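Okay, so here's the structure we're looking at.
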Amino acid sequence: MSESGLPALIRERLRGLPSVESVLVSEAGRAALQIHPRPRVTEAIRRVLTVLRARILAGEGASFSSDALGPALVALATPGLREVLNATGVVLHTNLGRAPLAPEALAAVQAVGRGYSNLELDLESGERGSRFAPLLEPLRALTGAEDALVVNNCAAATLLVLTALAEGREVVVSRGELVEIGGGFRIPDVMRQSHATLVEVGTTNRTRRADYERALSPATALVTKVHRSNFALVGFTEETSVEELSRLCQPRGVPLFVDAGSGLLSPLDVPGAAGEPTMRSHVEAGADLVAFSGDKLLGGPQAGIVVGRAFWVSRLRAHPLSRALRVDKLTVAALEATLRMVQDGRSDAVPARALALAAEPVLRERADALRQHLADAGVTARVVRVEGQVGGGTLPMARPPSWACLVDGDAEGTAARLRTGEPPVLGRIEEGRLVLDVRCLEDRDLGRLAAAVATARERLPGV
Ligand SMILES: *Cc1c(COP(=O)(O)O)cnc(C)c1O
């Protein structure tokens, strides 16, 4: 809209706004330039002026004040991806970055990331090496598989397996396992993407060995078993085990692929996790390939790990997609360090597992400490026992008991302000009340968390 068409009052107000240049050379502008780089200060001024212009055009009487510059500069200086305090109690929260990394993994990332590394160099021979070399030995030892390959995530691993082994041919899957993993990742869609033909067998609740047997034909490229990682099937159910499927597939030369998801390497002593199979159990039961995530129960960086028979893994490695989906050095570093912890018998010290295993008395004590911090900050809360979740699409039936602070008042309003505060805090709302579960918090976070809650409630009207 041209200014000439506007009422005189609005035109006058718009003309009353300073130029970007004049703010830059003002006292406030020069003070900002002492702290922030020039492009950021310029952008902050632009943003403040844009808001004022919009308000004036809406008929308001707005004028420039240098006070608005501070918040605009803070917003621009804050990284988009940043630390969040997880008071949801969900250990593997996909929206919050899943597994927190072990100090050992972070140290490895730093050591490898800050300089150069032997990522693709065999130091003994001086020849070109494989970036997976440091991961092979631990993955073989921990799963009993002959060979391994690592890609970007488990979804990528599934895509690679289906494309490399079944493109244009048939893949047999149980109707009870045509799952959506989360974030819209649906097994039938991946099949389509890899140009494999899906052959569904059995029913939603029951799939027998005979169902698979009838579906097998010379056109069968692969039999796939998808682990039900994020839901449970109870009642009148029947499924065919990996072992039975292996007995069916092996004599026919058809590879058996298990999309196992969770990446459990050793049993986890959490209520409701008893039946969760380890990756080794799938390999030992005769799966030719097993795919799982690096950042679920393994507790490492985001990655998709495929272990299995050397012949089939080499087929994956030879496919161009494996190059396109390969992981970077930071992932290799963090994953190797995490796998080493597991190999050294320290798997329960890997943060994701340690958090899932946290003892109730420890959690109770932490909740008491949080309540005290909240009281010191002027916020009344009650300590309550709650049911937790491991999350991240794993152990759907596990409800590890936890402890939390229950904060009275406007739960939705407080939660929204906590989310946009500094540091951002994510809690959960249960029966209209704000629940701050302490499972995924560190003792040193409690003071900051309490201060964030107090600030969120100060900004709340009517508290
Ligand atoms: C989580 C999961 C995936 C997807 O794993 P990402 O690493 O998130 O890509 C695939 N399959 C199963 C069975 C899963 O549980």
Side-chain angles (χ1 to χ4, degrees), residues 90-101 135 139 143 148-163 171 173-194 196 198 222-233 239 242 245 256-265 268 272-273 275-279 281-283 285 287 289-308 316 321-322 324-328 331-332 334-335 338-339 352 356 389-398:
V90 181
V91 178
L92 299 170
H93 199 303
T94 300
N95 299 155
L96 303 183
R98 284 202 191 148
L101 294 179
L135 306 173
L139 284 172
T143 65
L149 178 85
V150 182
V151 290
N152 204 32
N153 51 31
C154 189
T158 305
L159 178 67
L160 174 62
V161 170
L162 293 172
T163 310
V171 180
V173 191
S174 159
R175 288 196 171 88
E177 297 171 7
L178 292 171
V179 302
E180 174 170 324
I181 306 301
F185 180 84
R186 293 177 161 183
I187 292 296
D189 295 339
V190 186
M191 299 268 179
R192 242 183 317 263
Q193 194 62 45
S194 55
L198 175 63
L222 192 69
V223 170
T224 293
K225 187 163 176 63
V226 185
H227 181 57
R228 282 190 282 267
S229 12
N230 55 6
F231 73 106
L233 204 56
E239 70 176 302
V242 174
L245 287 176
L256 171 62
F257 167 49
V258 177
D259 177 4
S262 78
L264 191 70
L265 292 177
L268 183 62
E276 185 69 15
T278 61
M279 300 304 103
S281 74
H282 291 312
V283 171
L289 292 168
V290 181
F292 53 98
S293 298
D295 56 354
K296 291 186 182 172
L297 295 175
L298 169 51
Q302 180 189 301
I305 301 161
V306 190
V307 300
L316 302 183
L321 254 189
S322 80
L325 300 173
R326 78 179 183 192
V327 289
D328 76 327
T331 301
V332 175
L335 189 54
T338 309
L339 290 171
Q389 277 176 60
V390 178
T394 66
L395 309 178
M397 301 303 273

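Computed from a predicted structure; not experimentally measured. Values below: every heavy atom of this structure, side chains too, minus hydrogens, waters and symmetry copies. Atoms within each ligand, like the ligands themselves, are counted from 1 in listed order. Position 1 is the first residue of the sequence; numbering continues from there.
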Discussion item. Using a 4.0 Å cut-off to any heavy atom of Asp259, which atoms of ligand 1 qualify?
Written reply: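 So the atoms of ligand 1 that pass are 10 (C), 11 (N), 12 (C), 13 (C).
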Worksheet entry | Atoms of ligand 1, numbered as shown, that sit under 4.0 Å from any heavy atom of His227 |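 Atoms satisfying the 4.0 Å criterion: 13 (C).
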Worksheet item: Hey, does Val226 come in under 3.5 Å of ligand 1, counting only N/O atoms on both sides?
Response: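 The answer is no, given that Val226 and ligand 1 share no N or O pair closer than 3.5 Å.
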Discussion item. Does the residue Arg228 have a heavy-atom contact with ligand 1, meaning some pair of atoms that are separated by less than 4.0 Å?
Written reply: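 Heavy atoms of Arg228 never come under 4.0 Å of ligand 1.
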Practice prompt. Look at ligand 1 and say whether Thr158 reaches it with a heavy atom at a distance under 4.0 Å.
Written response: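 Not so, Thr158 does not reach ligand 1.
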Worksheet entry | By side-chain contact (heavy atoms from CB on, under 4.5 Å) - contacts of Arg175 (at least two apart) |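 Scan of Arg175 (side-chain contact (heavy atoms from CB on, under 4.5 Å), adjacent residues dropped) gives Glu200.
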Worksheet item: For the residue pair Gln302 and Thr331, what are the closest heavy atoms and their distance?
Response: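 Closest approach of Gln302 to Thr331, heavy atoms only: O-CG2, 3.5 Å.
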Worksheet entry | Heavy-atom pair of closest approach, residues Leu268 and Ala356 |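 That would be CD2-CB, 4.5 Å.
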Where is the nearest protein heavy atom to [atom]: which residue, which atom, and how far?
atom	answer
atom 3 (C) of ligand 1	Ile181 CG2, 3.4 Å
atom 13 (C) of ligand 1	Ser229 OG, 3.2 Å
atom 7 (O) of ligand 1	Ser293 OG, 2.7 Å
atom 14 (C) of ligand 1	Lys296 NZ, 3.0 Å
atom 9 (O) of ligand 1	Ala155 N, 2.8 Å

Worksheet item: About how many Å separate CG of Asp259 and NE2 of His282, when rounded to the nearest 0.5 Å?
Response: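 Answer rounded to 0.5 Å: 9.5 Å.
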Fill in: Between CG on residue Leu289 and CG on residue Leu256, distance to nearest 0.5 Å
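Spacing of CG (Leu289) from CG (Leu256) equals 8.5 Å.
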Item to complete: Assess whether side chain to side chain contact (heavy atoms under 4.5 Å, CB included) is satisfied between Leu395 and Glu276, documenting all intermediate values.
Response: CA-CA 7 Å; Leu395 309 178; Glu276 185 69 15; 3.6 Å; yes
Fill in: Within reach of ligand 1, part of Arg98 (heavy-atom separation under 4.0 Å)
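For Arg98, the contact with ligand 1 is made by the side chain alone.
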Side chains of residues 92-99: which donor-acceptor pairs under 3.5 Å do they make with residues two or more places apart or in other chains?
{"unit_1": "His93", "atom_1": "ND1", "unit_2": "Asn95", "atom_2": "N", "d": "3.3"}
{"unit_1": "Thr94", "atom_1": "OG1", "unit_2": "Arg98", "atom_2": "NE", "d": "3.2"}
{"unit_1": "Arg98", "atom_1": "NH1", "unit_2": "Asp295", "atom_2": "OD1", "d": "3.0"}

Item to complete: Ignoring hydrogens and angles, state whether a donor on the side chain of Ser174 or Glu239 is under 3.5 Å from an acceptor on the partner side chain.
Response: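 Per modelled atom types, Ser174 and Glu239 side chains form no pair under 3.5 Å.
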